[in-house]
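Down below is the structure, laid out as structure tokens.
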Amino acid sequence: MRKPRYSGFTLVELLVVIVIVVTLAGLTSAFLPRALKKGAQTKAIAQMRQMSSAFELYAKDHSNRIPPVVTSAEESEEKRETPWFYYLEQMNSSKELDVYFKDKWWRENTTSIYINPMHPKKGLGAKSTGYAMNAALAYNVAVSRGEKLDPVDAKYVGVNLNAVPDGTKTPIIITHWASSYTGDTKEMSDKRFEPYVVNDRLPVLFLDSHVETMTPKEYAARGLNLVPKPENADSGN
């Protein structure tokens, strides 16, 4: 008489399967966030390259000047400072600038290239979209030409591209928690860069449209906060 045959897994087989599943789950939880962040950075770099084209288009319509970091708007306290990305976004949407002063517009928008996919959602708003413009550029241009310009006033100056000797060495946009940056040693050591870096590196858009990735500290160490370099300036500060 034949013995009945039972189908199914033995206890050992079940334990092996469980171990494999747990291992795969652990690997996924370890690598998936990193992969997602890398994907977000890749998208951010693509958007930064699109911004370069937007700067060029803006300059063509504004006597070869790019928009200032912020524009003083005296008609109301709400519009006291208008960030650079408002003007570039307006070229795409043709909406009134008033629209962009509302946090809600930025939080609900899913198509704007000026919203960094790496930027924490809770911090997204009208004055913080995850990209920052080089606030030291106008000052450095002025000093390198022997002109006087208060660093505070420099952010209100739209730089003429003809005044920049080498766009391949001149940074214009980085991923950042504010809408502008200066890039000195102290700022580039700030722990708030953590969401915007992958393998400790962040993307930097230069005026000639190319993007480099580097550590924030490397940015300062290379003296990129001083390009065009002011006379008698110490590198990295």
Just verifying a value: how many Å separate [X] [atom1] and [Y] [atom2], rounded to the nearest 0.5 Å?
{"X": "L88", "Y": "M91", "atom1": "CG", "atom2": "CE", "answer": "5.0 Å"}
{"X": "Y58", "Y": "R65", "atom1": "OH", "atom2": "CZ", "answer": "10.5 Å"}
{"X": "D184", "Y": "L224", "atom1": "CG", "atom2": "CG", "answer": "13.0 Å"}
{"X": "R222", "Y": "E212", "atom1": "CZ", "atom2": "CD", "answer": "4.5 Å"}
{"X": "S189", "Y": "K217", "atom1": "OG", "atom2": "NZ", "answer": "5.0 Å"}
{"X": "L149", "Y": "Y156", "atom1": "CG", "atom2": "OH", "answer": "12.5 Å"}

Flag the pair [X] / [Y] as yes when at least one side-chain heavy-atom distance between them is below 4.5 Å, and no otherwise.
{"X": "M118", "Y": "V198", "result": "yes"}
{"X": "N140", "Y": "P228", "result": "yes"}
{"X": "V227", "Y": "F206", "result": "no"}
{"X": "L137", "Y": "V69", "result": "no"}
{"X": "E81", "Y": "S179", "result": "no"}
{"X": "M133", "Y": "I172", "result": "yes"}
{"X": "P203", "Y": "T175", "result": "yes"}
{"X": "S53", "Y": "R49", "result": "no"}

Crowding at [atom1], [X] (>12 non-hydrogen neighbours, <6.0 Å):
{"X": "E147", "atom1": "CD", "value": "yes"}
{"X": "N162", "atom1": "CG", "value": "yes"}
{"X": "D200", "atom1": "CG", "value": "no"}

Please determine whether a side-chain nitrogen of the Lys or Arg among R192 and D190 lies less than 4.0 Å from a carboxylate oxygen of the Asp or Glu.
yes
Return the minimal non-hydrogen interatomic distance between [X] and [Y], and the atom names on each side.
{"X": "R107", "Y": "K122", "result": "NH2-O, 4.4 Å"}
{"X": "A126", "Y": "D103", "result": "N-OD1, 2.7 Å"}
{"X": "P117", "Y": "A40", "result": "CG-O, 3.3 Å"}
{"X": "V159", "Y": "V141", "result": "CG1-CG2, 4.3 Å"}
{"X": "P195", "Y": "K37", "result": "O-CE, 3.4 Å"}
{"X": "A132", "Y": "A178", "result": "CB-O, 3.3 Å"}

Test Y86 against F101 for ring pair (Phe, Tyr, Trp, His ring centres under 6.0 Å), laying out the working first.
CA-CA 9 Å; Y86 285 29; F101 282 94; 5.0 Å; yes
What residues, two or more places apart in sequence or in another chain, satisfy side chain to side chain contact (heavy atoms under 4.5 Å, CB included) together with I115?
W106, N109, S112, L124
Could you tell me whether the side chains of T71 and Y87 share a donor-acceptor contact shorter than 3.5 Å?
yes
When you group the ILVMFWY residues by side-chain heavy-atom contacts below 4.5 Å and let the links chain together, are [Y] and [X] in the same group?
{"X": "I113", "Y": "L207", "result": "yes"}
{"X": "Y100", "Y": "I66", "result": "yes"}
{"X": "L205", "Y": "Y131", "result": "yes"}
{"X": "M188", "Y": "V197", "result": "yes"}
{"X": "W84", "Y": "L97", "result": "yes"}

Does anything in residues 163-202 form a ring-ring contact (aromatic ring centres under 6.0 Å, His included)? List the pairs, not counting sequence neighbours.
H119-Y196, H176-F193, W177-F193, Y181-Y219
Is a donor on one side and an acceptor on the other found under 3.5 Å between the side chain of T213 and the backbone of R201?
no
